[in-house]
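Input: a single structure, listed below in structure tokens.
No experiment lies behind these values; they were computed from the predicted model shown. Every chain is numbered from 1 and lettered A, B, ... according to where its sequence line falls, protein lines coming before strand lines. Worth knowing before you read on, the calculation uses all heavy atoms, side chains too, and leaves out hydrogens, waters and symmetry mates.
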Amino acid sequence: QKEVEQDPGPLSVPEGAIVSLNCTYSNSAFQYFMWYRQYSRKGPELLMYTYSSGNKEDGRFTAQVDKSSKYISLFIRDSQPSDSATYLCAMSAGSGGSNYKLTFGKGTLLTVNP
Amino acid sequence: NAGVTQTPKFQVLKTGQSMTLQCAQDMNHNSMYWYRQDPGMGLRLIYYSASEGTTDKGEVPNGYNVSRLNKREFSLRLESAAPSQTSVYFCASSWTEYNEQFFGPGTRLTVL
């Protein structure tokens, strides 16, 4: 079983839709969770950063972590064509775990159609 | 504040040639990383430097060497390039090895 699983998509939605992106993981030591956005031919850009379980909201973006289910989500409200990109989840155990480096999902390609 | 910068942006090599990819960060971060990104494989860690003066192997270190020149700069060297090293290479940095990482714009390398 891979440490981090992420559906590669592609996911295509109309402008204004609510988008849900998800990752599952197997390492119960993970406690830091990140979402990166990567535009075509660009470097990954940090979008959201959360610690442990719960929700975090930033504008149209909401990151949700459910450690009991080993499941994280990123919701995008009122999606825009400019949100079209690949979204990567990443996680680490932090200083309390043996694997403190980031483990990335392979990314989900999202297209928002005008 | 440029963040993480990488040079060159593009490079074409012939098999057996050598080259060095340069990375610099101006965020006073302690930790730096080199990744490669290939279609269907995601980001894979090549080498990292948790702090100035230390380097460690990541997931795919074979065929690469690194140098942490100072706190700002971390270079990746291909001694004898192979077609399997055709990829997009990203440098990243973080405050410590436990923190979120910030990425550079990438270097697209083709080995013929």
Notebook entry, point to check: Same hydrophobic cluster for A/Phe104 and B/Met32, using side-chain heavy-atom links shorter than 4.5 Å among ILVMFWY?
Noted result: no
Next item on the list: Report yes if the side chains of B/Arg108 and A/Arg41 come closer than 4.5 Å at any heavy-atom pair, otherwise no.
Entry: yes
Output for pair (B/Asn99 CG, A/Leu102 CG), nearest 0.5 Å, gives 9.5 Å
Problem - Connected via hydrophobic side-chain network under 4.5 Å: B/Tyr47 and B/Tyr33 - result: no
request  = Examine B/Val60 and B/Leu21 and state if one hydrophobic cluster contains both, with Ile, Leu, Val, Met, Phe, Trp and Tyr joined whenever side-chain heavy atoms are less than 4.5 Å apart.
outcome  = yes
Would you give me the side-chain donor-acceptor pairs under 3.5 Å for residues 7-18 of chain B, sequence neighbours excluded?
residue, atom, partner, partner atom, Å
B/Thr15, OG1, B/Leu112, O, 2.6
B/Gln17, OE1, B/Lys14, N, 2.7
B/Ser18, OG, B/Arg77, NH2, 3.2

Taken in chain and number order and not counting sequence neighbours, the residues that satisfy side-chain contact (heavy atoms from CB on, under 4.5 Å) with B/Glu52 are B/Asn70, B/Lys71
Taking every heavy atom of B/Phe90 against every heavy atom of A/Gln38, the minimum-distance pair comes out as CZ-NE2, 3.4 Å
Whatever's closer than 4.5 Å to a heavy atom in chain A on B/Glu59 counts as neither
field: Backbone of B/Phe103 reached by a side-chain donor or acceptor of A/Tyr36 within 3.5 Å
entry: no
**ILVMFWY cluster, A/Met91 and A/Phe75 together (side-chain gap under 4.5 Å)** = no
Residue pairs passing the disulfide bond (SG atoms under 2.5 Å apart) test with at least one member in residues 1-83 of chain B, sequence neighbours excluded, are B/Cys23-B/Cys91
Whatever's closer than 4.5 Å to a heavy atom in chain A on B/Arg44 counts as neither
Would you kindly confirm whether B/Leu43 and B/Trp34 end up in one hydrophobic cluster when ILVMFWY residues are joined by side chain heavy atoms under 4.5 Å apart? no
Heavy-atom nearest pair, B/Met41 first then A/Lys106, reads O-CE, 4.0 Å
The interface call for B/Tyr35 against chain A, heavy-atom contacts under 4.5 Å, is side chain
Listed by number, the residues in residues 43-56 of chain A that come under 4.5 Å of chain B (heavy atom to heavy atom) are A/Gly43, A/Pro44, A/Leu46, A/Tyr49
